[in-house]
Amino acid sequence: MLGKLTRHSLWWLLAGIASTFAAQAADLTINQLRVRGPAGGNDEFVELFNASPATLDLSGYKLNASNDSGTTGTRLTFPSGTALAPGCYLLLANSASGGYSGSVAGDLSYATGVTDTGGLAVLDASGNIVDQVGLSSGSAYKEATSLASLGTGNADQGYQRQQTGAGLPQDTDDNSADFVKVSPTTPHDHASPCVAMGPSLSIADNSVSVHGAGDVAMPFTVTLNQAVPDGGVTVHVATQDGTAIAGTDYAAINATLTIAAGQTQASFNVVVHGRTTPGDNKTFNVTLSDPSGGVALGDASAVGTIINTIPIAAEIWQINGTGQSSPLLGRPVLTHDNVVTAVGPQGFTMQTPDSRDDRNTLTSNGVYVFTGSVPTVSAGDAVDVTAVVDNYFGLTELKSPAITVINRHARLPRAVVFDQRTPSSDPNHLSCGVTNFQCFMSMRVQIQRGMINTGNKRFSDEPFAEVSITANGSRSLRQPGVEFGVPVPDGVDLPNWSGNPEVFKMNTADFGAVPLDTPFNAGSTFRAEGVISYDFGAYTFIPTQFKETYAAPIPRPVSPELPMTLRIGAFNMERFCDSVFDTVFTCSGESKEATPDQVALKTKRLSSYVGSVLRLPDVLSAEEVETLPVLQGLAQQLEADYGVAYDAYLLPGHDPSGINVGFLVRRDRVQAFSVQQLAADETWNDDGQTAYIHDHPPLLLTAQAGKVRFKVISVHMKARQNVDDDTADAVRDREKRFLQAKSLATQVQALQKAEPRTPLMVVGDFNSYQFSDGWADVVNLIAGRYDDRQNLLKLGGNIVRPELWDAVNSVPRNDRYSYLYTENFGEIQGYTQAGSGNPGRTVPTVQVLDHALLNIPARMLFMRMQYGRADLDAPAQTEADAANATDWTRAIGVSDHDGFVVDLFDPWMPSPRH
């Protein structure tokens, strides 16, 4: 929370500055939009309109977009000098292939589209949202009720704002109320005629505080958007009761107001009556009507808020309540004799003494007090605090405090123990009711068996920032079942995976327990005491005491190869490509291919991984390699670095970006007899088109080590992209994965029947778990252990007999992973989506995608399986730094997978030479 706390005072400074131009920024609106058109999904535009009376400087503004899971990204940053005159338009258009097709030219362009069920927002140069529109409830960008998606049909249809009586875009901060569907669309650009900004009157909201019996004046200002002509303008002004009652809370007004000739404003006061006792804040309305001279009404209604600043005496648990937002939000409170538990650079936490605990497990007894500078209190002080209850990005806190220390060296309240049961790992029985952490907010917490689940994230001002943790000693592993939040399909006897609700964040430096920018590798363990906070949309543990009990090293190589051992491995090398663009899509996955220097650097880094992390396996399946010369270049690098000669084998497949599977075989220990593709020409009906089943046809190596003849199949199955969705693309992708697995299972069975005594291994990136995801259990279909009851796609009977064994099951539980994926569950369990950078609940989850399946003869020789760790567990900054390393640590971060090795007993193998 150091990042949050040190920025907190800056936020208030910026808020004060922003108020000088907020009125103008609020007048910039998304006026019309289309996220799909006659030319397809990229035929889209966003039309902006300036409803203010002044030219707006849009330099550095951004167009952001969100999908329906709340993942956001910037589509366009407006160049310096971009300006928009009053009443004029600016058209942003998609310039990608199949992009915007309208006859009105776009003023600025972007190249990545907006999803049909997503949303978009315009952000100012400071990152504040100016306007936003959502096309689904799951979008991170929306105002009140989102709009309905316009579907996937390629029609010229979109949404446009309705107009006010003054002819300006209606903006009530409710998408469903402000926008109407239009077909065809009528986009406007900067050259389109601007709207004449005719005279209109508006009134602004205001508020006053009462703290005694005396009356207080609440001023209101009525503004005309241009100077009043001769004779002036009159308008009727009247108050209306809300929660405030005329005569009791304020003095009613029913009068005519005049704005003199040549002026643009006139003001009046509403008299607010004083109070001497605490109470709720109250509101009334002021409305404009009957303007003279044909002047229109713009914003014709204002809200007057009477803020009662007489403190309410309350316990901390009463301030917090049982929800995420305090029932006393915005109210002044006095809370007496609470104990300071942790002190940070700009505030402190305090907690109710155990003797006054309300014994309600759904309320928190802790709260954060924001002081704005280093507090003068210490842990163990008993304090009285008078302050205003605030919500800072989801964190209930007390701001503008008056603090009195009434005692020193008070006993600290008992800490909540986080362990195997708390926080809960069952989403149906969360620790705090509908959330898993809210009832512990700002309270003391003790963790005895903490596990660091990911290396540090990297922020621009913090190279080694937050990490993901658990308190139960376990990694955040993907478990069997259908993805959390996705309905279990009919005919599938399988539960939902829990989504690992017990996972949360840790910021070690915020309260000084650990020096700033301390790196942590995943797999490390710790003991700690501290407090729970809420940091920009996510629950966070901030330690006050911290001890790392095991520091996991990076890299963590596999064990040295033993005598009489045949070592077979697999490694997804993540788009190991050459520098030539000669495929349908770039092999790199980026807008252009890597340079020759970048290819040479990756070759060196992969050599370090294969040689020092996997320790020079005898046979290595290499996935995501573009060409045989690239793989041969790696073999040459290995020989230069380690003095070990490898032969490279690769046959091209059908992937449109050119990635393939291949083998590296140590010629000093293994004799390769043949390498051949399996089922390379098999096809299927892909939405009416004949297409290859295998983008990367499985590659079969037949070889001999010592006197043991063996076979290895290298695989790289279709990715899980779309699989958990309810779309036509998901149906298509699930079917293709299923057919790939059936095809390979048929090949495996034929090999087993032909040579039942020959050890056979199927290794590589299966892009599937060691258990069913509820759709198609790819791994176990190939292994002969497919269960129709646990899968939507039915096999009807296993193909492979006898079945294969997945060596992953021999690996210690916390080490069963080869890939790290951050699941985004959105706005659930107390996690919120509040604009860019805050996607809701995100759970870094480690999972097995890379497997080794062994037939019975291979299993009889099996000794062990190990994953080499260099890619998944390192901090982001460590990965970035590793690219420039001159030793074997340059292997860190070379791929998005961790490779593995399997050791088989072979009594005729010589001792390994490394």
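Worth knowing before you read on, the calculation uses all heavy atoms, side chains too, and leaves out hydrogens, waters and symmetry mates.
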Heavy-atom check, side chain of [X] versus side chain of [Y], under 4.5 Å:
X      : Y      : answer
Glu502 : Asn500 : yes
Asn128 : Leu123 : no
Leu362 : Thr322 : yes
Glu529 : Pro543 : no
Phe511 : Val343 : no
Gln351 : Ser442 : no

Residue pair [X] / [Y]: nearest heavy atoms and the distance that separates them:
X      : Y      : answer
Ser533 : Ile542 : CB-CD1, 3.6 Å
Thr832 : Gln324 : CG2-OE1, 4.3 Å
Pro519 : Pro875 : CB-CG, 4.2 Å
Pro311 : Pro278 : O-CG, 3.4 Å
Phe464 : Thr518 : CB-O, 3.8 Å

Whether Tyr831 and Phe437 hold their rings parallel, tilted or perpendicular, with breakpoints at 30° and 60°: perpendicular

Aromatic ring pairing Phe520/Phe546, orientation class (parallel under 30°, perpendicular over 60°, tilted between): perpendicular

Test of ring centre spacing under 6.0 Å for Phe484 and Phe825: yes

side-chain hydrogen bond (donor to acceptor under 3.5 Å, both in side chains) pairs, two or more places apart, involving residues 204-213: His211-Thr309

Residue pair Arg458, Asp517: steps toward the salt bridge (Lys or Arg N to Asp or Glu O under 4.0 Å) verdict: CA-CA 10 Å; Arg458 178 178 59 175; Asp517 290 331; over 6 Å; no

Candidate pair Glu143 and Gln132, rule side-chain hydrogen bond (donor to acceptor under 3.5 Å, both in side chains), full reasoning: CA-CA 7 Å; Glu143 290 181 345; Gln132 55 187 327; 4.5 Å; no

Main-chain N/O of Glu315 paired with Gln318 side-chain donor or acceptor, under 3.5 Å: yes

Ala382 backbone acceptor or donor facing Asn407 side chain under 3.5 Å: no

Side chains of [X] and [Y]: do they bring a donor and an acceptor to under 3.5 Å?
X      : Y      : result
Asp535 : Asn507 : yes
Asp249 : His273 : no
Thr396 : Tyr534 : no
Asn521 : Ser524 : no
Asn320 : Thr363 : no
Asp426 : Ser424 : no
Arg449 : Gln420 : yes
Ser301 : Asn285 : no
Thr822 : Thr842 : no
Ser137 : Ser146 : no

side-chain hydrogen bond (donor to acceptor under 3.5 Å, both in side chains), paired with Asn365, selected from Asn360, Asp354, Asp357: Asp357

Carboxylate-amine/guanidinium proximity below 4.0 Å for Asp337 and Arg356: yes

Step-by-step side-chain hydrogen bond (donor to acceptor under 3.5 Å, both in side chains) determination, Thr845 to Glu823: CA-CA 7 Å; Thr845 306; Glu823 303 276 359; 5.1 Å; no

Listed once per pair and sorted, the ring pair (Phe, Tyr, Trp, His ring centres under 6.0 Å) pairs that draw on residues 401-426, sequence neighbours left out: Phe418-Phe440, Phe418-Phe504

Distance in Å, Tyr550 OH paired with Phe526 CZ, rounded so as to fall on 0.5 Å steps: 15.5 Å

Asn391 side, atom CG; Lys399 side, atom NZ - distance, nearest 0.5 Å: 10.5 Å

